[in-house]
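One structure is given here, and the rest of the page talks about it.
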Amino acid sequence: MSITQQESGAGSSVEPHGKPRARFGTGRSEFVVVAVLYAVAIFLTIGTATMNVQGKSAPGPQFFPILVCIVLYLAATLLAIHILRTPNVPDNTIHPGHGQFSADMLHDLGHLGKEEDAAYEDAPSPTPGKTWKTYSDWRTVGLLVGGVVAFVLLLEPLGWIISAAALFWLVAYALGSRRPVFDIGVALLFSSIIQLAFGAALGLSLPSGLVGGIL
Amino acid sequence: MEQLELLMGGFASALTPINLLWVLIGALLGTAVGVVPGLGSAMAVALLLPVTFSLEPTAAFIMFAGVYFGGLFGDSTSGILLNTPGHSSAIASTFEGHRMAKSGQAAKALATCAIGAFIGGLIATTLVVFFAPTLVKMATVFGPAEYFALAVFAFLAISAVVSESVIRGVAALGIGLALALVGIDGPSGTARFTLGTPQLFDGISVIVITVGLLALGEVFHIASRIHRDPVATRIHTKGGARLGLADFRKALPAWLRGTAFGVPFGLIPAGGAEVPTFLAYGTEKQLAKRRNDPEFGTTGSIRGLAAPEAAANATAGTAMGALLALGLPVSATAAIMLAAFQQYGMQPGPLLFERSGDLVWTLLASLFIGLVILVMINIPFASVWAKLLSIPKHYLYAGITVFSMLGVYAVSSAILDLWLLIAIGLIGFLMRRYNIPLAPVLIAVILGPMAETELRRALAVSEGDLGILVDSPITITLYLVLAAALALSAVQHLRHRATRKA
């Protein structure tokens, strides 16, 4: 294992936890990314084809989008092939760079050996005691996404202080806070301080909503 | 020396009480964000960008100067005390730094970091002051073809050469370029990909993209793992960071070696300080082997920590030079700084020194002031900063979520921007989940419009002849260097794949 991402080779694709019986979908959830890439590429293709071009400059406004489309189709297709050939088993190593940097390159540059990899591995144990069905905790992510969507819907009707406090409280609750009543106070304090500091002092416009209507 | 005079002028306008206050606020915020794992200086600048809009440009940039270096001062703290580097540029300092902390030398390690960051930043910023006019002169011979070559170089270096997976890097690049296309096309006035929405005629705001990818995406990512990942154990420290004279003497050559690695990388678009920090660490490791240093790899060698720290800040220092003089962002943080300039209607590059010379020299002067302030707030109060590591994560990320919403809404007061923010936040989450690098997106969003304009300008001059793109020695050199780098990294990937299989 290395300091950043380590893809497991196709030959060694044994799930680290859970059932050893691997279905086709196992380790291939990255197809979501392929779908997003294709969706963006198709959107750009339709937009380029139906573009209402103004003026007559030589390489026109459609020129560069065509290049970007080619890049996107190419990347999406290659990624799909890559996932088919080497499914990515969820790994539990820490990725500080989120794949930003090639571990191979950093190993060469830093003359890294087993000591460094081991030092990185032994501190927070990378193998959790419990196992789950999915790598990501979709319940928590879902709560958060629901929270921000609700915030955007409620911001103008309810005003900043109430909606921001509600968002703060929800995120804190979803991420594991065990003092819900105390958190209401923290959340209201936080959103009010922001309203005062940025709304009153720096002059940013924040919707006052219900509270503003009453005052 | 004309530069010295200009710099003195910069100091004169930066050293007013109110401007000093802005540097201090920037340094405090930067260090705070840097200390917290997962938030780098890129995110600090992104989150602060919207709220500084009510300030005048000089005050805002003075504050950014503090944030810019502050993030780097703080990001090794969590690496040393928790063994979880706050940012990927701090990985190399974590190896020896955490060993030192485990063997009871945490205070020494923190001091080594702070002084190393100071020395690296100081030398690099001094070099920028003296060589900025030369860089500006170089940039004036650049035509459209050269600028396009520079953009292509930056795109491919960050997405293909340094990233973990070439396909994923290029995919990220494509997403960034696509985001940058939305809006009215400048040269022709054509509305592109706006779906007829007038609010999108100006394009998707860079703030929405950076806050979504870096802040909201990180929050979603944390949420997906917070109940599953094990908690890291923290090493506690008391009092300030200390460094004896003997240790100082031991670390000094390492700081200077690290700086030497860091300085050139600020001018190369290789995604920031990761490459030079690992180079510096590798060199110290080899030297320790030759010297038979028993500390290295066991109780932690001060040299192995000092060199990468200095390298990281030296890179950040010269990156500022490349940004100001050439308009070339070499890392994600620099890309956001460039976006900040654009928000104030300024375009970094040769013309910036002519048109807004006062601002540039004030900014350079505040980088020096920022470094001094950072050393003063980091060495005596190291353990106070470490306390930030005990803020409960749920409050921290709740605060970041609310703050990202605030920043985006404050700029435009548009609900549409908040929807875009959520969408881009989800993309950021997907990218983290599948280890797709984020830096290519940011670089593409910032440099994409420039690449397009210059490419079309070059082709308009040559009437469609592609030969103009490789028509000058500068462009030929850039493409050759890029090809060599791509070939080298391909060999490296193949060799490592072979050893893994074996």
Side-chain angles (χ1 to χ4, degrees), chain A residues 3-5 30 33 37 40 44 47 51 53-55 57-61 64-65 68 71-72 75 78-79 82 95-102 104-106 108-111 115-116 119 123-125 128 136-137 140-141 144 148 152 164 167-168 171-172 175-177 194 198 202-205, chain B residues 51 54 83 85 88 91-92 95 162-164 167-168 170-171 174 177-178 181 185 187-190 192-193 220 223-224 226-228 230 232 274 278-279 281-282 285-286 297 393-395 397-398 401-402 406 410 413 415 418 422 430 432 434-439 452 456 459-460 492-493 496:
Chain A
I3 47 162
T4 47
Q5 186 202 18
E30 200 176 353
V33 179
L37 288 173
V40 174
L44 286 192
M51 198 181 285
V53 179
Q54 316 271 320
S57 46
F64 203 67
V68 178
V71 170
L72 282 169
L78 287 175
L79 186 60
H82 181 79
H95 305 284
H98 302 297
Q100 203 109 315
F101 289 91
S102 153
D104 295 348
M105 180 187 66
L106 295 181
D108 281 359
L109 293 179
H111 302 284
E115 316 93 86
E116 279 85 1
S125 150
S136 298
D137 178 357
T140 313
V141 176
L144 250 65
V148 287
V152 176
L167 179 62
F168 186 98
V171 177
L175 295 186
S177 176
I194 287 185
F198 295 101
L202 285 175
L204 298 179
S205 63
Chain B
V51 285
S54 38
N83 201 20
S88 48
I91 302 174
F95 298 133
V162 299
S163 73
E164 176 83 32
I167 302 171
R168 294 187 180 89
V170 173
L177 290 172
L181 282 176
D185 167 48
S188 69
T190 310
R192 297 195 291 189
F193 316 111
F220 288 153
S224 78
I226 195 165
H227 297 309
R228 304 190 169 183
E274 285 73 5
F278 274 82
L279 271 175
Y281 174 80
K285 194 176 173 188
Q286 297 296 88
K393 270 194 175 164
H394 44 261
Y395 289 143
Y397 288 101
T401 314
V402 171
L406 165 81
S413 300
I415 291 290
L418 290 178
I422 296 176
L430 269 187
R432 282 177 169 81
Y434 295 106
N435 293 311
I436 300 170
L438 296 167
E452 179 180 11
R456 281 161 72 182
L459 290 181
Q492 199 167 40
H493 277 292
H496 277 268

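Proteins come first, then strands; the chains are lettered A, B, ... in the order of their sequence lines, and each starts at number 1.
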Q. Between atom CG of B:L177 and atom CZ of A:F64, what is the distance when rounded to the nearest 0.5 Å?
A. 5.5 Å
Q. Looking at CD of A:E30 and CG of B:L430, how far apart are the two atoms once the value is rounded to the nearest 0.5 Å?
A. 9.5 Å
Give me the atom names and distance for the closest heavy-atom approach of [X] to [Y].
X: B:F220; Y: A:V141; answer: O-CG2, 3.8 Å
X: B:H394; Y: A:S177; answer: CD2-CB, 3.4 Å
X: B:G189; Y: A:Q54; answer: O-CG, 3.7 Å

(Q) Quick check on the interface: out of A:V171, A:V53, A:D137, who has the most heavy-atom pairs with chain B under 4.5 Å? (A) A:D137
**Q.** Residue, of A:G176, A:A75, A:A164, A:P59, that accumulates the most heavy atom pairs under 4.5 Å with chain B
**A.** A:P59
Q: Using a 4.5 Å cut-off on heavy atoms from C-beta on, say whether the side chain of B:K393 contacts that of A:L175.
A: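 No - every pair of side-chain heavy atoms lies 4.5 Å or more apart.
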Q: State, yes or no, whether a side-chain contact exists between A:L44 and B:F193 at a heavy-atom distance under 4.5 Å.
A: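 They are in side-chain contact.
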Q) Which of the residues B:P187, B:A398, B:A460, B:G174 is involved in the greatest number of heavy-atom pairs with chain A at under 4.5 angstrom? A) B:A398
Q. If you tally heavy-atom pairs under 4.5 Å against chain A, which of B:V402, B:T401, B:V170 wins?
A. B:V402
Examine whether an atom of [X] lies under 4.5 Å from a heavy atom of chain A, and if so say whether it belongs to the side chain, the backbone or both; otherwise answer neither.
X: B:A178; value: both
X: B:L181; value: side chain
X: B:I422; value: side chain

Which atoms of [X] approach chain B - backbone, side chain, both or neither, heavy atom under 4.5 Å:
X: A:L79; result: both
X: A:L78; result: both
X: A:V40; result: side chain
X: A:V68; result: side chain
X: A:L144; result: both

Q.
Strictly distance-based, threshold 3.5 Å: is any side-chain N or O of A:T140 a donor or acceptor partner for the main-chain N or O of B:S224?
A.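 Checked: no pair found.
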Q. Does B:R192 reach the main-chain N or O of A:M51 with its side chain, forming a donor-acceptor pair under 3.5 Å?
A.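 Not a single qualifying donor-acceptor pair exists.
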